[in-house]
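First up is the structure itself, then whatever we jot down about it.
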Amino acid sequence: MWVSKWLSLAQAWLASQPQLLFIIIEQSGFHNEVGAAIHVAPNATRVLKDLGCDFNSLHSVQCNRLQVWDQNAKLIWTPVVTKDLQNLLGTTDDWVLTHRVDLHNTLRNAATQKIDGRMIDISLSSRVGSVDSEAGVVTLENGTTFTGDLIVGADGIHSRSVKEIVGDHRGKESTGQNCFRFLVPMAKVQANPSTAALLSRTGLDGVHAFSGPDRRLVIYPCRTGELLNIVAIHPAGSGEVKEDSWLESGNLEQLLQTYSSFGPELQALCSMAEDLKLWSLASRSPPRTFVKGKLALVGDAAHPTLPHQGQGGAQAFEDGATLGGLFPADTRPNDVPQRLALYNKVRYDRAVTVMMMSKTDHEHRAEMLAELRQYVPNAEVPPDMFSFTWSSRPAEDARRLIEEQTC
Ligand SMILES: Cc1cc2nc3c(=O)[nH]c(=O)nc-3n(C[C@H](O)[C@H](O)[C@H](O)COP(=O)(O)OP(=O)(O)OC[C@H]3O[C@@H](n4cnc5c(N)ncnc54)[C@H](O)[C@@H]3O)c2cc1C
Ligand SMILES: *[C@@H]1O[C@H](CO)[C@@H](O)[C@H](O)[C@H]1NC(C)=O
Ligand SMILES: *[C@@H]1O[C@H](CO)[C@@H](O)[C@H](O)[C@H]1NC(C)=O
């Protein structure tokens with residue numbers, strides 16, 4: 001069986017399918033890794049464990065709590081104590097904070113192991129132009145075609161593959177919010193008395209959100225505590241950002257100006273920003289289905305997820321884990337349509353629910369219900385996002401569904 005796919009967070013399940021033949025098609029050359037840190041919730045570390053990932057190579061920091069502070073760094077409340085929630089949900093899977101580069105390398109190592117003498121073929125610097133879901137053909141911009149029994153479209157928010165399902169008319173929508181991202185070496189933070197005092201109050205083992213009325217700073221460590229990751233979400237104002245702004249550099253003056261109403265410790269932290277990036281938070285409506293013909297969409301291609309619940313990457317993992325469960329090594333080309341229908345069944349309602357809930361912050365989630373119900377008619381607003389997302393076991397659900405169908 002042939003599978004064409006572009007490289008994504010959800011790639012590594014491929015490695016467990018040695019009898020099948022896979023090609024990953026990725027536009028970038030991966031000369032420069034991009035992005036800062038990401039937090040990986042227990043539901044996602046569960047998937048990494050299943051894939052046989054080497055947790056040491058994540059160089060992660062355990063996340064023991066999520067705390068919310070005001071803009072003057074006064075503690076307001078602690079929405080999550082990891083241990084308590086783990087006990088409540090009966091899980092021991094960890095919540096970890098990691099650099100995206102470390103996560104990517106960990107997944108790539110898992111995906112490129114030789115199994116039975118065979119390896120996944122990764123085609124870099126190859127840009128997909130279009131997908132024909134019925135014929136199972138992926139056409140690169142340079143005209144080269146690949147034909148397969150299954151195409152996994154994992155091409156992110158600016159997806160080409162989603163066009164095969166929704167047509168050409170749906171563009172991305174701006175949310176009116178921008179996001180600075182930067183890292184500060186922990187040594188630098190500790191050397192400054194003001195920021196060192198802040199860190200001694202937060203500790204180095206959690207995620208901390210400092211919120212003003214319309215902007216916030218989210219701070220957490222990665223790289224075994226050597227780096228502090230800062231995400232700064234704020235109204236876009238006049239400073240517009242271009243598309244694909246992962247690579248756009250931010251302006252330090254603009255950052256400081258944007259957070260001038262925040263307390264002195266937080267301003268001092270912002271002034272240490274290195275490798276500052278500015279990113280416009282964009283969204284797009286989800287398609288009515290994640291599958292068509294031989295095509296399955298995963299990750300942001302299927303459900304472009306904003307960072308307000310920190311779940312986008314984890315959702316992509318769930319998609320990958322579900323496909324892994326639904327396509328064991330003995331899958332035949334004839335099974336594909338039925339398996340893709342199951343994929344949509346396991347993932348659509350759940351992922352679209354998380355996507356909609358991620359469009360806003362905790363206090364305003366209920367306002368998303370009407371929009372959510374346009375896609376998932378009987379949906380309810382999950383009473384608690386953490387319990388809702390942490391308790392999912394998509395790979396198990398997938399395997400159970402296959403068993404039900406075969407007996
Ligand atoms: C500020 C911010 C913070 C976030 N923090 C978190 C967090 O803490 N935890 C979390 O779980 N999620 C977080 N997310 C969300 C997460 O980053 C995304 O949901 C996730 O990256 C989606 O993964 P993906 O593989 O679907 O898409 P992407 O990561 O966008 O990957 C798509 C891939 O496809 C390639 N590609 C695109 N088009 C083509 C083409 N035509 N041909 C070939 N290749 C192509 C791209 O080069 C890229 O490698 C955050 C998002 C933002 C904006
Ligand atoms: C097109 O790209 C593919 C994959 O990167 C490569 O193998 C092929 O040689 C390229 N073809 C042309 C005509 O450049
Ligand atoms: C993990 O839980 C989060 C919510 O905390 C959710 O957004 C995400 O999709 C889940 N991911 C996986 C892999 O289960």
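Since this is a predicted model, take the numbers as computed values, not measurements. Just follow the structure's listing: the first ligand is 1, and inside any ligand the first atom is 1. Values reported hereafter were calculated over all heavy atoms of this structure, with side chains retained and with hydrogens, waters and symmetry mates removed.
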Practice problem: Locate the shortest heavy-atom distance separating I120 from A111; write the atom from each residue and the value. | Solution: CD1-O, 3.0 Å

Quiz item: T305 to ligand 1: N or O pair under 3.5 Å?
Solution: no

Quiz item: Between E164 and S133, does any side-chain donor sit less than 3.5 Å from a side-chain acceptor?
Solution: yes

Quiz item: Is the closest heavy atom of S126 to ligand 1 under 4.0 Å?
Solution: yes

Quiz item: Mind checking whether V231 has an N or O less than 3.5 Å away from an N or O of ligand 1?
Solution: no

Quiz item: Can you pull the salt bridge (charged side-chain N to carboxylate O under 4.0 Å, His left out) pairs that have at least one residue in residues 208-228, sequence neighbours excluded?
Solution: D102-R223

Quiz item: Shortest non-hydrogen contact from E265 to N72?
Solution: OE1-O, 4.4 Å

Quiz item: Any N/O of R160 closer than 3.5 Å to an N/O of ligand 1?
Solution: no

Self-check item: Proximity flag E141 to ligand 1, non-hydrogen atoms under 4.0 Å
Solution: no

Self-check item: Those atoms of ligand 1 less than 4.0 Å from some heavy atom in W279
Solution: 1 (C), 2 (C), 51 (C), 52 (C), 53 (C)

Quiz prompt | Note: E26-R127 ion pair, threshold 4.0 Å (strictly below) | solution = no

Output, or 'none' if empty, a list of ligand 2-protein atom pairs in which both atoms are N or O and the distance is under 3.5 Å, rounded to 0.1 Å.
| unit_1 | atom_1 | unit_2 | atom_2 | d |
| --- | --- | --- | --- | --- |
| ligand 2 | 2 (O) | N142 | ND2 | 2.4 |
| ligand 2 | 5 (O) | S126 | OG | 2.7 |
| ligand 2 | 11 (N) | N142 | ND2 | 2.9 |
| ligand 2 | 14 (O) | N142 | ND2 | 3.3 |

Quiz item: Between F290 and R347, is there a cation-pi geometry (under 6.0 Å to ring centre, at most 45° from the normal)?
Solution: no

Quiz item: Any side-chain donor-acceptor pair under 3.5 Å between T45 and D94?
Solution: no

Practice problem: Please indicate whether any nitrogen or oxygen in L281 is less than 3.5 Å from any nitrogen or oxygen in ligand 1. | Solution: no

Self-check item: Minimum non-hydrogen distance to atom 14 (N) of ligand 1, winning option of E26, H104, R100
Solution: R100

Exercise. Please work out which of D300, V128, N229 has its closest non-hydrogen atom nearest to atom 41 (N) of ligand 1.
Key: V128

Self-check item: Donor-acceptor pair between H158 and D300 side chains, under 3.5 angstrom
Solution: no

Quiz item: Any luck finding a side-chain donor-acceptor pair between T106 and S57 under 3.5 Å?
Solution: yes

Practice problem: Please determine if R46 and D93 form a salt bridge, counting it only when a charged side-chain N lies under 4.0 Å from a carboxylate O. | Solution: yes

Quiz item: Considering residues, nucleotides and ligands other than E134, do more than 12 of their heavy atoms fall under 6.0 Å from its CD?
Solution: yes

Quiz item: Below 3.5 angstrom, do we get any N/O pair linking R127 and ligand 1?
Solution: no

Quiz item: Would the number of heavy atoms belonging to other residues, nucleotides or ligands and lying under 6.0 Å from CD of Q338 be above 12?
Solution: yes

Practice problem: Please identify which atoms of ligand 1 are closer than 4.0 Å to at least one heavy atom of A154. | Solution: 32 (C), 33 (C), 34 (O)

Quiz prompt | Non-hydrogen atom of Y220 closer than 4.0 Å to ligand 1 | solution = yes

Practice problem: With heavy atoms of G299 as the reference, note each atom of ligand 1 found under 4.0 Å away. | Solution: 26 (O)

Self-check item: Close N or O approach (S28, ligand 1; < 3.5 Å)
Solution: no

Exercise. Would you tell me whether T331 and D335 have side-chain atoms, one donor and one acceptor, within less than 3.5 Å of each other?
Key: no

Practice problem: Consider ligand 1: state whether an atom of it lies below 4.0 angstrom from any non-hydrogen atom of Q315. | Solution: no

Quiz item: With a cut-off of 4.0 Å, which atoms of ligand 1 are near a heavy atom of A314?
Solution: 11 (O)

Quiz item: Hey, are E318 and R393 close enough for a salt bridge, meaning a charged N less than 4.0 Å from a carboxylate O?
Solution: no

Quiz item: Does an N or O anywhere in C179 fall below 3.5 Å from an N or O of ligand 1?
Solution: no

Quiz item: Sub-3.5 Å donor-acceptor pair from the side chain of Y343 to the main-chain atoms of L297, do we have one?
Solution: yes

Quiz item: Polar-atom distance check: Q27 versus ligand 1, any N or O pair below 3.5 Å?
Solution: yes

